[in-house]
Amino acid sequence: MSDRKPFVGGNWKMNTNRTSGSDLARGVTDGLLQLDGVDVAVYPPFPYLLTVRAVLRDRGSSVKLGSQDSYFQNDGAYTGEVSSAMLKDCGVQTVLAGHSERRHVIGEKDELVNKKLRAVLESGLDGVLCVGETLDERLAGHQDIVNARQIRTGLADIPGSLLDRLVIAYEPVWAIGTGKTATPQDAQDAHKQIRSQLARLYGEEAAQRVRIIYGGSLKPDICADIFAQKDVDGGLVGGASLNAGDFVTICKAAASAAKAK
Ligand code: PEP
């Protein structure tokens with residue numbers, strides 16, 4: 001059995017509405033009532049956080065409430081932004097930083113991702129740092145360099161004492177929402193590199209404790225082989241997290257894989 005409890009996040013992106021978000025949260029909590037051996041979080045859009053929180057609370061669920069983004073300032077004249085303190089106030093427990101769509105669609109750079117992640121962890125919330133190479137970077141054989149840079153910059157000035165609340169999501173950009181997945185071996189190779197990078201930054205023991213999850217078109221039929229890899233500790237799920245049954249199956253597969261390691 002792996003020492004690292006797996007983590008599975010459902011990133012709803014800019015999908016659902018108040019009704020369908022509640023239904024989805026209900027489907028997930030009901031499907032996971034009996035499950036232990038995996039930490040699960042859902043990341044609804046900002047306007048539905050409180051609605052989803054109410055569903056999770058009503059059902060006494062251990063599924064965590066997550067936010068897809070946050071800003072690094074606490075409050076002030078930052079129109080349109082939402083701080084970690086505000087998210088905490090709404091019951092959020094975990095926040096994504098540097099999701100590939102924030103980096104490549106909205107244009108966030110490593111330095112901004114770092115400021116956001118630091119603010120999340122310093123405020124007492126859990127943080128998920130998302131990293132991953134584009135297709136061009138992979139074709140050029142640069143995936144390890146890119147991931148190492150995103151890890152080094154993303155974790156700058158973050159002390160080892162905050163690592164217990166950090167998850168790293170390796171999400172090759174070419175696999176997100178495309179229906180293409182990394183092979184289990186490609187995922188393992190990238191995760192191993194990322195763990196080595198963490199060991200260089202924080203020492204081997206700390207690196208062994210950090211959960212590194214895979215994201216990129218995870219589906220119920222292919223997730224088990226990826227979760228079986230030594231350094232894969234669960235997944236970040238986009239499209240398939242919009243179907244409660246599929247998401248629950250993926251969470252269960254992560255728990256089973258960890259037991260078998
Ligand atoms: C994601 O949003 O992080 C993701 C991996 O999306 P998808 O599963 O749809 O590729």
Please determine whether side-chain contact (heavy atoms from CB on, under 4.5 Å) holds for the pair I176 and E101, giving the CA-CA distance in whole Å, both sets of side-chain angles, and the decisive distance to 0.1 Å.
CA-CA 9 Å; I176 297 181; E101 285 142 22; 3.5 Å; yes

S70 and V82, any side-chain heavy atoms less than 4.5 Å apart
no

Kindly give the heavy-atom pair with the smallest separation between [X] and [Y], and that separation in Å.
{"X": "C251", "Y": "L32", "value": "CB-CD2, 3.9 Å"}
{"X": "G235", "Y": "L218", "value": "CA-CD1, 3.8 Å"}
{"X": "D36", "Y": "A255", "value": "O-CB, 4.0 Å"}
{"X": "V120", "Y": "S84", "value": "CA-OG, 3.6 Å"}
{"X": "A25", "Y": "V52", "value": "CB-CG1, 3.9 Å"}
{"X": "P172", "Y": "A182", "value": "CG-CB, 4.5 Å"}

For [Y], is there any backbone N or O sitting under 3.5 Å from a side-chain donor or acceptor partner on [X]?
{"X": "D233", "Y": "I212", "value": "yes"}
{"X": "R4", "Y": "Q208", "value": "yes"}
{"X": "T29", "Y": "R26", "value": "yes"}
{"X": "S217", "Y": "A175", "value": "yes"}
{"X": "K88", "Y": "S123", "value": "yes"}
{"X": "R195", "Y": "A207", "value": "yes"}
{"X": "R59", "Y": "D30", "value": "no"}
{"X": "K261", "Y": "F227", "value": "yes"}
{"X": "Q68", "Y": "F46", "value": "no"}

Could you grab the distance from atom CG of L65 to atom CG of L125, nearest 0.5 Å is fine?
10.0 Å

Parallel, tilted or perpendicular: rings of Y43 and F7 (30°, 60°)
perpendicular

With sequence neighbours left out, what residues match R138 under salt bridge (Lys or Arg N to Asp or Glu O under 4.0 Å)?
E133, D186

Which residue in the set V131, V173, T134 passes side-chain contact (heavy atoms from CB on, under 4.5 Å) when paired with R103?
V131

Worked check of side chain to side chain donor-acceptor pair (under 3.5 Å) between Y48 and S22:
CA-CA 8 Å; Y48 309 133; S22 299; over 6 Å; no

May I ask you to check whether Q193 and Q197 show a side-chain donor-acceptor distance below 3.5 Å?
no

Verify side chain to side chain donor-acceptor pair (under 3.5 Å) between N17 and S20, making sure each step is shown before the conclusion.
CA-CA 5 Å; N17 57 34; S20 65; 3.2 Å; yes

